[in-house]
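Here is the structure we will look at, set down as structure tokens.
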Amino acid sequence: MSGNDFFALTPLILLAGSSVLIMLLIAIKLSHRVIQLSSLLLFIVAFSSLIYIQKLLPYHIEPLLVIDGFSVFIMGLIIFSSLVVNILSYIYFEEKEESPKEYYVLLFLCTLGACVLAVSKHFVSLFLGLEILTVGLYALIAYLRVRHHNIEAGIKYLVLAAFSSAFLLFGMALIYLETGSMQFSMIAHSLTSLQSLSPLFLTGLGMMLVGVGFKLAVVPFHMWTADVYEGAPAPVTAFIATASKGGVFAVLFRFFIMIDGFRFKVVMLILICIAIASMIIGNLLAVQQKNVKRILAYSSIAHLGYLLVAFIPGSMMSIKALSFYLMAYFITTLTAFGIVTVLSNKETDAENIESYKALFWERPVLACIFSSALLSLAGIPLTVGFVGKFYILAAGLQSGFWITALILVISSVIGLYYYLRIITTMFAGQKSILPEEERANPVFYMVSIIALSVLSLLIIWFGVYPSGVMGSMEYFKLK
Amino acid sequence: MNNLLWLIPVLPFAGFLILALAGKHLSRVWVALIGAGSVSLSAIIVPIIGIGFLSHPPATGNYSQTLWTWMQVGDFNPKITLFLDALSLVFVFVITFIGALIHIYSAGFMASDKDYSRFFACMNLFVFSMLLLVLADNLLLLYLGWEGVGLCSYLLIGFWYENPVNGYAARKAFIITRIGDTAMAIGLFVIFYQFGTLAIPDILTKAPVLWHQGASIATITALLLLAGGVGKSAQLPLQTWLPDAMAGPSPVSALIHAATMVTAGVYLISRMHIIFQLSPIAQMIVAVIGAATLFIAGFSALTQYDIKRVLAYSTISQIGYMFLALGVGAWAAAIFHFMIHAFFKALLFLAAGAVIEALHHEHNIFKMGGLKNKLPVIFWTFLIGSASLAALPLISAGFYSKDQILWYAWAAEGGNPLLWFIGLLGAFITAVYTTRMMILVFWGEAKTEIGHRPGKLMTVPLIVLAFFSLFAGFIELPHNFGHFRLFSDLLQQVLPETILKAGMNTELQFQILALLSTLGGIYLAYVFYYKQPQRIEKLKQSRFVMNLYLFWFSGWGFDKLYNTLIVKPIVFMANVNKNDVVDKLYQGVTFITIRLYQSLSFTQSGSLRWYIMGLVIGAIIILSMQIML
Amino acid sequence: MDIVFYITAFVTVISTIMVITRHNPVHALLYLIISLLSISVIFFLLGAPFAALLEIIIYAGAIMVLFIFVIMLLNLGKETARQEKEWLKPKVWIGPAILSAILFVELFYLITIADVAPYNLQTVDPKTVAISLFRPYLIGVELAAMLLMAGVVGAAHIGQHKKMILHRFLKEEGRL
Amino acid sequence: MKSSIEIVMLLAGLLFVLGIAGVIIRKNIIFMLLSVEVMLNASGLAFVAAGSRWAQPDGQVMFIFILAMAAAEVSIGLALILQIYHQHKSLDIDKLKEMKG
Amino acid sequence: MILIYVIGILMGGGLLSLLLGQWNKNLPRWIALCTVLVGFIAFVFFWINQYHTINLRLTNTWMIDYRHDWIPSFGISFHLAIDGLSLLLLVLTFFLGILAVLCSWNDVKERVGFYYFNLLWILAGISGVFMAVDLFLFYFFWEVMLIPMYFLIGIWGSENRVYAAYKFFIFTQASGLLMLLAIIGLYFIHGRNTGVYTFNYFELLGTAIPPHIAFWLMLGFMIAFVVKLPIVPFHTWLPDAHSEAPTAGSLILAGLLLKTGAYGILRFVLPLFPEAAHDLAPWAMLFGVIGIIYGAILSYSQTDLKRLIAYTSVSHMGFVILGIFAFNELALQGVVMQLVTHAISTGALFIMAGMLKERLHTRNINHMGGLWTQMPQMGAIGMLFAMASLGLPGLGNFIAEFLILLGAFKANVLLTIMATIGLVFSAIYSLRIVQKVFLGPSERSDYISDFSFREIVVMAALTLSIVWLGLYPQPVINTVKLMVNKLAHIFPPENKNVQQENYQEIPLSTHKYLVKK
């Protein structure tokens with residue numbers, strides 16, 4: 001470990017250190033507010049450190065990690081979403097939990113895990129990053145442990161995650177057995193020296209796909225999604241939907257790029273099937289769903305399918321399209337869950353679609369923000385979701401993947417229906433059924449709303465003028 | 001003078017505009033003044049122009065005045081151009097003159113109607129459209145007038161809109177004529193692609209050059225135009241609307257459904273005569289249609305009890321004569337009959353209107369009677385009109401015009417003994433039903449009390465028309481009887497001379513036969529309806545006669561036929577498909593989507609073991625794919 | 001050597017089958033420990049003595065003890081065994097078992113068609129492992145530390161009890 | 001063991017599948033966790049075997065990390081089990097079906 | 001720059017009325033009115049200006065061309081340009097925009113600010129569609145107009161509004177996405193051919209596309225446009241949307257939204273894929289004819305007035321597709337006329353349906369009847385527009401339909417004859433409206449007011465325009481002349497269809513009449 005290594009690892013070290021620091025702060029019994037603020041500060045510091053390390057790029061820390069433009073971009077997204085989740089968490093947990101402080105420790109750890117995924121280029125770091133993320137999430141999902149749903153979601157996630165981790169591990173073991181290395185580049189190297197494709201390697205890859213697919217919640221490994229989204233506290237759901245998936249997707253992409261997995265017809269075929277199934281089933285499942293969190297869960301399944309559409313060609317445009325869409329998806333999902341968080345009250349989360357009735361007339365700002373997020377998810381122009389979808393279609397069509405593009409289009413029409421349903425509900429009726437209650441912390445409430453407004457402005461700004469972001473994305477190249 | 005040409009149609013139009021926009025705020029006197037005045041002004045301008053036209057015939061044989069280019073798309077550039085030649089002069093004269101009289105009559109007739117201004121507005125609009133029709137320089141403008149008169153006919157048939165029956169009749173009229181119009185529109189397309197223009201003079205000069213005699217394209221074109229004419233002129237097979245059209249006020253029936261609009265078909269065919277001449281088949285069809293119509297309508301008229309329906313069927317029948325004349329190539333005779341018919345039929349309708357008005361809106365002739373002395377003016381004018389209709393020899397104008405047609409039906413180039421015989425039979429029937437009507441209405445005992453007696457406004461036009469019904473025939477006399485050819489000479493500028501078959505020297509026998517048939521008809525009716533009415537009762541015992549009677553009464557069952565063959569299937573189809581069968585397709589898609597949702601939602605059972613099973617199945621699928629591929 | 005392997009493998013498989021079929025949790029746990037022990041023998045045979053030791057010490061020793069703690073804490077005994085007996089009916093397990101069998105057949109097929117070149121077994125001694133662990137995988141170790149920290153913090157939070165609200169009108173004391 | 005590593009991998013695979021079977025067929029959460037442990041253990045076995053096939057320490061290193069992960073996971077899992085037992089008075093996983101659809 | 005300003009004004013006006021609508025309910029109306037008026041006046045002046053020089057332009061049909069980079073990495077630019085067709089439709093947009101604002105003046109009482117926000121944004125979207133010459137930008141605007149329309153139907157519509165709004169949105173969005181696929185496909189094909197990756201319409205125009213791909217790409221475009229238009233199997237959203245939308249919504253739907261479909265075909269499908277369009281022509285024409293007759297028959301059976309009018313739109317739009325795929329100047333001019341006149345006539349009918357609904361609280365024509373007695377003015381105007389809708393000469397629709405049929409006759413005799421039969425059906429349904437609504441016995445004794453001053457202004461504007469278009473359509477024809485000529489020249493004139501057996505006997509010399517140029 002040279003000095004430069006430390007320097008390059010600053011963000012990770014900061015995240016890890018923050019978790020310890022927060023523990024210490026808890027130990028000296030500081031108030032929730034102080035802890036929340038200091039963790040916010042630490043997130044900001046970690047985020048800014050990303051800008052700081054850019055002159056080093058790309059930087060390899062053998063054999064586990066690589067820090068390049070792409071990983072910095074993904075880390076940025078992850079830390080950004082954690083930051084937003086952090087802001088949203090205060091009012092949510094302040095109302096519901098008497099000791100919400102460990103939450104921040106776990107949040108840092110999960111963020112760390114996701115970031116490790118984003119920078120890893122080795123099975124070990126992949127596995128460890130994934131597990132830090134997952135183990136942290138077990139606790140986060142079940143954080144409000146007195147609620148039945150939280151516990152139920154927690155145990156479901158735990159058993160399934162461990163189960164799928166086992167698949168991932170077994171797959172890795174098979175690949176290791178075949179190639180003699182766990183480093184992506186070495187695997188790629190030994191693959192080129194092989195005459196024919198070995199079944200062991202493919203089996204390993206397939207089993208890894210099970211593990212990764214579970215984390216990404218793509219069909220047929222999607223069934224946990226809705227339950228966990230529904231059961232988990234709203235900010236945590238936001239985190240699962242964004243940071244955890246972003247990290248996993250990043251490492252999957254890096255792995256495929258490095259071993260050039262796109263040449264394996266069978267694997268690609270599997271991925272195409274998964275993508276198609278995810279898009280169709282994800283959207284279909286939400287059609288008449290009544291629970292907003294579940295709707296968003298199913299929609300996230302579909303969105304991962306969309307991401308796979310851009311993933312499959314494995315071209316230069318794929319990287320850009322993926323990066324852009326991930327960003328769009330992050331912003332949008334955070335906004336959507338942010339609204340759910342803000343509207344939640346002490347007893348229940350605002351998950352019943354009925355509770356959004358007449359929201360537009362009662363709280364127009366929130367309704368507008370939510371609408372912009374939903375429209376972005378639906379991919380309607382003027383929002384970033386549209387540009388993202390356009391990008392994905394472009395990436396797919398550039399390499400001639402007409403079928404997936406077509407399925408994307410058709411399934412997103414189904415998707416339209418349920419997004420519109422929520423919007424329609426917000427516009428329907430005259431009177432909201434959500435009780436107008438005294439906010440315990442009006443200041444933080446305002447802060448949350450401002451944060452969400454900024455996000456929704458981003459949604460529209462990037463939707464109207466995406467070239468700025470696209471331009472900067474050129475910079476975040478893989479290696 | 002031809003600079004004034006535009007005033008002829010524009011005056012009624014101005015009247016229409018004033019009445020339509022401000023009619024609500026004008027007093028009745030003003031409404032009548034504007035309505036009748038504008039048409040009368042036109043009627044005054046026409047003779048001025050007409051005299052100019054006759055005294056100093058223009059070198060081209062016509063006046064034309066271009067107002068503006070309607071549109072110009074590529075080579076298609078119809079202009080709003082008015083075009084006056086001998087043929088249109090006759091029509092314009094009849095329209096404005098009779099139109100003015102009827103307007104004046106209406107001022108009295110409609111005096112108590114609440115929609116006074118609307119009536120005059122529509123009538124003015126009608127006169128405008130009709131004038132445009134006959135003055136049009138190109139077929140598109142003609143079509144404008146053509147449809148315009150249809151609209152006015154619709155508006156006026158349904159004038160008393162509170163009664164849905166009237167509305168139904170109006171719709172029927174519009175739609176049936178529209179069927180003809182549609183065919184005519186197709187005819188216009190053909191003409192445009194053949195000649196590259198729709199201007200009538202150009203077409204008429206180009207047609208003989210581009211088409212040879214008997215060309216099938218000429219036949220098609222002619223038939224398409226004929227279809228338009230058949231619709232408007234209520235000829236077979238589109239005649240069914242006219243009897244129902246009597247739902248409108250009597251002046252309307254007089255002006256539109258007797259004197260002018262229904263003869264638009266005659267105008268069109270004679271206007272486009274060159275095309276018809278190029279196709280002997282088409283011309284023969286015209287003649288056959290005319291003959292068949294006059295025959296069928298005659299028998300229907302015989303059985304009607306509504307006075308206006310009798311007149312309506314007689315109108316159909318008389319227009320049948322005109323078509324017959326056109327078909328056999330007796331162009332001038334057709335136009336002559338048109339003019340005479342306009343006079344006496346307008347007269348008859350107006351007089352009938354006066355009768356109906358006098359008898360508290362009683363239409364049934366069997367409930368009339370004995371009006372001879374009570375309404376002397378009406379009686380005498382009606383008598384003159386009837387005489388003309390029945391073609392009472394020598395003294396009525398109708399005799400001269402109809403006799404000419406009968407003679408040509410045999411003698412002209414396209415003539416045929418069968419056509420002649422049908423014509424003769426028609427003349428006989430005409431005499432029968434006319435006499436029947438006269439007797440039932442004016443003789444016998446009074447069955448209904450008289451209410452309202454017609455005023456001066458109504459009687460003066462009747463007298464004028466009666467005058468013309470008697471004496472207008474003398475401007476054209478058979479060549480064995482004075483041989484006075486004022487009218488056909490005039491028309492010869494436009495229409496070809498009637499060519500006789502070889503070996504036709506005398507028409508005396510024909511005249512005598514016609515005379516006999518008319519007199520025989522009158523006598524027959526006299527016997528059955530005046531002298532020995534019990535014979536009718538006796539006849540009615542026979543089942544066959546009754547059935548025949550009903551068959552004729554229903555206009556030979558055409559309405560029923562069309563209803564079952566066309567109207568009912570379409571309405572049935574429309575009603576069955578009210579909710580749009582195509583939408584079911586999309587509902588099906590929705591249904592499938594929702595079923596898919598339900599079955600997929602079922603998989604989200606909440607059971608962790610089931611979820612794991614899903615994961616395992618996924619793994620199995622992936623591994624199987626790897627094994628198999 | 002081979003024969004030792006086969007015997008141990010046999011023991012492993014049998015004891016594992018016992019683990020998933022026993023009704024009494026404590027019995028199952030004991031079978032699992034047997035399974036773990038026999039796997040550690042296999043590790044040894046594979047030339048990985050360090051792993052073998054860790055398997056016994058940490059897995060069989062520490063982790064299993066956790067389970068036992070919990071089982072004892074919850075006082076799962078005969079009652080549970082009876083319930084398990086009820087739950088474990090062919091109707092319940094036959095489908096999953098078939099699925100698993102299919103998966104195994106596929107794995108079997110895929111592993112056996114692989115053509116792995118023969119090699120000489122070498123023992124990888126603890127020292128090598130340790131060097132590897134603290135040289136290239138140093139960051140991994142650090143990360144593992146964070147992983148354990150996450151586990152500890154999480155378990156501590158979830159494990160603690162507080163007044164629990166089943167319903168806002170119907171409060172109930174929850175106690176260990 | 002001289003000839004081939006396949007047989008060890010087969011054993012690992014068999015254990016892995018048995019673990020899967022255990023997870024699916026048991027309704028008791030503790031048994032599910034136990035079965036998951038079996039699966040993780042099988043993966044560890046596969047890693048060690050693979051490491052020994054290449055005579056590298058990496059397999060064992062990975063095994064150590066798996067151990068760490070298993071420990072962390074089990075600790076949280078057991079804490080959750082405690083909560084579940086206290087809330088539902090049962091460890092039947094099929095009773096945890098409040099969320100569905 | 002006028003183009004950007006206009007869109008900007010509309011969007012800005014929308015936002016302003018949304019914001020100010022919170023304080024004052026009257027303000028948004030006036031803001032909206034002023035906004036649209038400004039746009040209208042601007043374009044009318046521009047039109048008059050251009051009209052003098054219109055015939056001087058020989059090849060360049062484009063009057064304004066504004067371009068600004070937007071997403072350069074994709075070759076997307078904010079590229080607006082207008083030619084005669086766009087200009088005409090823009091004028092129409094603002095004309096109907098004014099009417100839409102006026103006719104919702106008292107109609108909308110709740111959430112006024114948001115209402116006018118939606119209205120103005122729809123107009124902005126539609127204007128954008130008519131201006132955009134960057135395919136991406138076109139798609140962008142294409143979709144932008146949907147959301148506010150969705151709200152307009154979904155919030156201010158009648159009972160079944162939500163269903164209708166969904167249906168509208170999903171139909172148009174689904175088809176729009178297919179178009180997006182086709183656009184991207186075209187983009188890549190062009191990029192691969194030339195190395196220039198751009199969405200610029202002008203550059204994409206000459207793209208050489210392999211025929212089978214061209215067909216699919218064209219189909220992608222076509223579906224989007226045909227659903228909007230709509231053509232028969234894709235029309236079912238329209239009756240629902242029209243009948244449930246508020247008056248202004250129906251007006252804009254019928255008057256403008258449908259036109260975007262036709263505009264799209266004229267602007268994109270024909271120039272971009274001439275061969276494929278040519279191959280499709282008989283089928284498209286067939287569907288047009290089916291639409292004409294099917295729409296008319298369905299229209300006849302409806303009892304809901306707005307639904308009835310909606311189906312007449314289906315029928316009228318059948319003429320549009322028939323004319324477009326006849327590929328000759330006459331038909332194309334007819335199509336343009338039809339776009340304008342249908343907007344006016346059907347718009348007027350919808351406005352009247354809205355007024356009736358406001359007065360009678362029903363749309364069921366069986367509950368109307370005899371209204372002429374109480375409101376003769378509306379009766380007269382209603383009659384006029386019913387006549388316009390059945391294509392009475394002297395009113396604009398006749399010119400349109402006649403030109404279309406005349407042009408189509410050249411391309412396909414049989415189908416044209418069938419389409420002409422549709423005129424009979426149009427008479428049937430139009431007269432049914434008049435009969436059921438205004439004629440017949442009056443069933444009501446309560447007082448029903450005739451037109452108010454505001455309504456008279458609206459109807460007078462519509463009446464004058466339809467009569468003007470019927471008697472002197474030349475300004476419209478001249479405005480689009482160059483564009484239409486250019487379009488017609490893409491397709492070589494064909495004479496084989498006209499020369500059917502019947503025409504065999506024509507002497508050779510007639511060919512100069514038969515075949516134009």
Side-chain angles (χ1 to χ4, degrees), chain B residues 162 164 167 563-629, chain C residues 12-13 16-25 27-29 31-32 35 63 66-67 70-71 74 76 79-116 151 154-155 158-159 166-167:
Chain B
E162 283 94 344
N563 250 332
T564 35
L565 279 187
I566 300 166
V567 179
K568 276 188 185 160
I570 289 179
V571 171
F572 174 76
M573 235 162 68
N575 286 334
V576 161
N577 196 24
K578 188 182 170 196
N579 291 326
D580 203 348
V581 73
V582 178
D583 201 32
K584 294 278 177 296
L585 188 77
Y586 297 106
Q587 281 169 12
V589 172
T590 326
F591 179 76
I592 290 170
T593 311
I594 288 179
R595 288 313 292 265
L596 276 176
Y597 159 75
Q598 283 164 349
S599 44
L600 279 172
S601 181
F602 184 71
T603 64
Q604 294 284 337
S605 59
S607 156
L608 180 59
R609 289 172 51 236
W610 168 243
Y611 292 178
I612 297 171
M613 218 107 88
L615 224 88
V616 173
I617 291 170
I620 290 176
I621 291 170
I622 287 181
L623 292 184
S624 318
M625 279 176 84
Q626 286 181 342
I627 290 171
M628 284 168 199
L629 298 170
Chain C
T12 317
V13 172
T16 310
I17 290 174
M18 293 312 238
V19 172
I20 63 171
T21 50
R22 284 312 85 194
H23 298 150
N24 192 321
H27 295 175
L29 211 55
Y31 276 115
L32 181 56
S35 161
I63 299 179
L66 264 180
F67 272 98
V70 171
I71 288 167
L74 299 182
L76 303 177
E79 183 57 19
T80 318
R82 193 189 53 74
Q83 267 180 353
E84 288 291 324
K85 208 170 185 173
E86 259 171 45
W87 290 344
L88 213 59
K89 296 229 171 81
K91 195 177 71 184
V92 178
W93 60 258
I94 197 85
I98 290 170
L99 273 185
S100 313
I102 293 171
L103 195 63
F104 177 68
V105 170
E106 284 184 342
L107 268 180
F108 185 90
Y109 175 77
L110 285 167
I111 290 171
T112 45
I113 59 166
D115 186 25
V116 181
I158 291 170
L166 284 177
H167 191 277

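Proteins come first, then strands; the chains are lettered A, B, ... in the order of their sequence lines, and each starts at number 1. Note: hydrogens, waters and symmetry copies are ignored here, and every other heavy atom, side chains too, is used.
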I'd like to know which of C:Leu99, C:Ile102, C:Leu107 tops the heavy-atom pair count under 4.5 Å against chain B.
C:Leu99
Side chain, backbone, both or neither of C:Leu110 within contact of chain B (heavy atoms, under 4.5 Å)
side chain
Distance-only check: which donor-acceptor pairs of chain C and chain B lie under 3.5 Å?
{"unit_1": "C:Glu106", "atom_1": "OE2", "unit_2": "B:Ser624", "atom_2": "OG", "d": "2.5"}

